[in-house]
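These notes concern the structure reproduced below.
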Amino acid sequence: MVHQLFKDDSYIITTQQISEILGMTPRNIQLLTAKGALVKVGHGKYDLRRSIKQYIESMVEKAGPAEGELDGGREMALWTKARREKTELEVKIIKGELHRSGDVERVMNDMLGAFRARLLSLPSKMAPQVLGKTEIPVIKEQLKEAVFEAMNELADYDPLVFYDTSNDRMFLESKEEEDAPEMDV
């Protein structure tokens with residue numbers, strides 16, 4: 001039978017006894033006591049009831065929120081991260097560095113459609129120009145110029161074309177607008 005002293009509605013036990021109850025070494029008991037997870041009432045003496053309660057509370061706190069519970073700090077960090085990412089994306093949209101896939105699809109379809117039409121018109125445009133010419137290098141040069149002219153249609157990347165077709169309307173405010181005093185009308 002374990003010796004227990006009953007004092008002030010508390011069960012007082014030794015370091016050895018509490019280490020056996022918790023399945024820990026006496027050194028780990030000392031570490032838990034230093035962290036406030038166990039209640040020491042004297043040299044090598046512990047209040048069993050309060051120590052068990054304190055130990056359970058420290059383990060629950062250490063484990064974090066239960067499944068389904070919200071951790072305020074973690075939620076705030078996630079919200080802040082999402083807000084930062086959203087702002088970074090908005091800045092890229094404003095700078096013309098980021099476009100929505102639907103906008104890119106519309107602009108590219110228009111560009112490729114114009115390029116296709118230009119290529120398909122080459123035979124009827126060039127046939128009269130090369131008709132009657134007998135020197136192959138001259139004919140090749142004229143055809144080559146017409147092909148390069150058609151290819152220039154694809155070479156001109158303009159981010160404003162993508163921005164103009166977009167439904168996103170974001171603008172950076174100029175420094176003057178920020179510093180201008182507000183006027184009541």
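No experiment lies behind these values; they were computed from the predicted model shown. Just so it is clear, the values below take in all heavy atoms, side chains as well, and ignore hydrogens, waters and symmetry mates.
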Are [X] and [Y] connected, step by step, through hydrophobic side chains (Ile, Leu, Val, Met, Phe, Trp, Tyr) whose heavy atoms are closer than 4.5 Å?
| X | Y | result |
| --- | --- | --- |
| V147 | V138 | no |
| L78 | L89 | no |
| L122 | F115 | yes |
| V130 | L120 | no |

For residues 108-126, the salt bridge (charged side-chain N to carboxylate O under 4.0 Å, His left out) pairs (sequence neighbours left out) are R118-E149, R118-E153, K125-E149
- Message: Taking CD in E135 as the centre, count heavy atoms belonging to other residues, nucleotides or ligands within less than 6.0 Å. Is the count above 12?
- Response: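 No - once you tally the heavy atoms of other residues, nucleotides and ligands closer than 6.0 Å, there are 12 at most.
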Atom pair [atom1]/[atom2] of [X] and [Y] - distance to nearest 0.5 Å:
| X | Y | atom1 | atom2 | value |
| --- | --- | --- | --- | --- |
| L143 | I136 | CG | CD1 | 11.0 Å |
| I29 | E20 | CD1 | CD | 10.5 Å |
| M24 | L31 | CE | CG | 10.0 Å |
| Q30 | S19 | CD | OG | 10.0 Å |
| I12 | L48 | CD1 | CG | 9.0 Å |
| I21 | Y46 | CD1 | OH | 12.0 Å |

query: Going through the distances and angles, do K53 and R50 end up as a side chain to side chain contact (heavy atoms under 4.5 Å, CB included)?
result: CA-CA 5 Å; K53 183 177 183 228; R50 290 188 354 208; 5.6 Å; no
At their closest point, which heavy atom of [X] faces which heavy atom of [Y], and how far apart are they?
| X | Y | value |
| --- | --- | --- |
| P128 | S124 | CD-O, 3.1 Å |
| H43 | K40 | CA-CE, 4.2 Å |
| Q16 | P26 | OE1-CG, 4.1 Å |
| M126 | Q142 | CE-O, 3.4 Å |
| R49 | Y11 | NH2-CE1, 2.9 Å |

Original post:
M76: which other cluster members, linking ILVMFWY side chains closer than 4.5 Å, directly or transitively?
Top reply: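 Noted: M76 shares its cluster with W79.
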Tell me, do [X] and [Y] make a side-chain contact under 4.5 Å, heavy atoms counted?
| X | Y | result |
| --- | --- | --- |
| T33 | T15 | no |
| K45 | I13 | no |
| R106 | D103 | yes |

- Verdict with supporting geometry, K92 and E88, salt bridge (charged side-chain N to carboxylate O under 4.0 Å, His left out): CA-CA 6 Å; K92 285 184 177 187; E88 288 172 357; over 6 Å; no
- Test applied, side-chain contact (heavy atoms from CB on, under 4.5 Å); reference residue, K86; option that passes from R83, R84, E90: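 Filter result, single survivor: E90.
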Notebook entry, point to check: Are the side chain of S51 and the backbone N or O of V39 linked by a donor-acceptor pair below 3.5 Å?
Noted result: yes
